[in-house]
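One structure is given below, encoded as structure tokens.
Every chain is numbered from 1 and lettered A, B, ... according to where its sequence line falls, protein lines coming before strand lines. As the structure is a computational prediction, the values presented were derived from the model and not from experiment.
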Number of protein chains: 2
Amino acid sequence: MGITKSEHFTDEQNELATLAKAIGHPARIAIIQHLIKVNSCVCGDIVNELPLAQPTVSQHLKELKNAGLIKGNFEGNAICYCLNEEGFNKIKGFFQHINAYLENKKNQCC
Amino acid sequence: MGITKSEHFTDEQNELATLAKAIGHPARIAIIQHLIKVNSCVCGDIVNELPLAQPTVSQHLKELKNAGLIKGNFEGNAICYCLNEEGFNKIKGFFQHINAYLENKKNQCC
DNA sequence: TATTTATATTGCAATATTACGATATAGTTT
DNA sequence: AAACTATATCGTAATATTGCAATATAAATA
């Protein structure tokens, strides 16, 4: 029915999924990469970088912000965006766990 | 219009987005976590683990497989699934890059 | 080969996402 | 305050995702 059964999963599973989902769009990957490159910038800079209209970029920024992956501060009449360590720290452990597992395991059936 | 403008982004951006998107659902997080726990198992085991019907689980497994995050091998008349190192290695570098950046940077505006 | 077991596919309804034009809002400058 | 600049929100169309019942497929076993 198009609706995810979140209530049947753990908070951790839902939180990790929300974070991964927020990262799961090429425009949002591009925004993250740009913020790493320039450290911080205003929304207009990202509009100039991406092949998308201003409202679309604004929407993507909102999703990244809601997920806790970026932060925005008013700076004059513009808004300065940068990465939010908190969000990325939450995924970090998950991938470290996976990588540690993959380095040690002997593939059994695959 | 509901359609992602993939052609305007780089292959790397599209690939990372596809991988993150595949991880971005609590059922698929649960599948990955279960595979880490038991190393490998058949589809039926996952159906028993998750609060979802068999066709739904099958669909999630397909998405993880298409993204290159899991592999499946026939084992009798069942199919044995386990994690696919290849897919996870592709995201690894992205997060390592982000983490290295976040550890070094002095937050400038946020 | 008929039956059973395990998984995949089809078809469909409900909901979510993506994209953008038009417009609103908020701060800045003149 | 009026005009300008920067960003957010609204409304809407097109498309994608989620979930499952029904059914198909494929291998194992009787």
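The separation between Leu52(A) atom CG and dT7(D) atom C1' is 16 Å, rounded to whole Å. For the pair Gln59(A) CD and dC10(D) C1', the interatomic distance rounds to 11 Å; values are reported in whole Å. Separating the CD1 atom of Ile70(B) from the C1' atom of dA8(C) is a distance of 13 Å, rounded to the nearest angstrom.
Using a 4.0 Å cut-off, no side-chain N or O of Tyr81(A) falls inside it from OP1 or OP2 of dA6(D). OP1 or OP2 of dC20(C) lies within a sub-4.0 Å distance of a side-chain N or O belonging to Thr56(A). Residue Lys21(A) has a polar side-chain atom (N or O) positioned under 4.0 Å from OP1 or OP2 of dT17(C). Side-chain nitrogen and oxygen atoms of His60(A) include at least one within less than 4.0 Å of the OP1 or OP2 phosphate oxygen of dA19(C). In terms of phosphate contacts, Lys62(B) brings no side-chain nitrogen or oxygen within less than 4.0 Å of OP1 or OP2 of dT7(C).
Among the atoms of the strands shown, none is found under 4.0 Å from any heavy atom of Val47(A). No contact: Val57(B) has no heavy atom under 4.0 Å from any strand.
For Arg28(A), the side-chain atoms get nearest to dT18(C) when compared with the rest of dC20(C), dT18(C), dA22(D). Taking every side-chain heavy atom of Asn77(B) into account, dA6(C) is the closest of dA6(D), dA6(C), dA8(D). In this structure, the nucleotide among dT9(D), dA8(C), dT18(C) sitting nearest to the side chain of Ser58(A) is dT9(D). The side chain of Ile79(A) approaches dA8(D) more closely than any other nucleotide in the set dA8(D), dT18(C), dT7(C).
When the side chains of ILVMFWY residues are joined at heavy-atom separations under 4.5 Å, either directly or via intervening members, Val57(A) and Val42(A) end up in two distinct hydrophobic clusters.
Side-chain contact check for Lys65(B) versus Tyr81(B): some heavy-atom pair is nearer than 4.5 Å.
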task: Assess whether side chain to side chain contact (heavy atoms under 4.5 Å, CB included) is satisfied between Ile23(B) and Phe95(A), documenting all intermediate values.
output: CA-CA 11 Å; Ile23(B) 299 174; Phe95(A) 281 104; 3.8 Å; yes

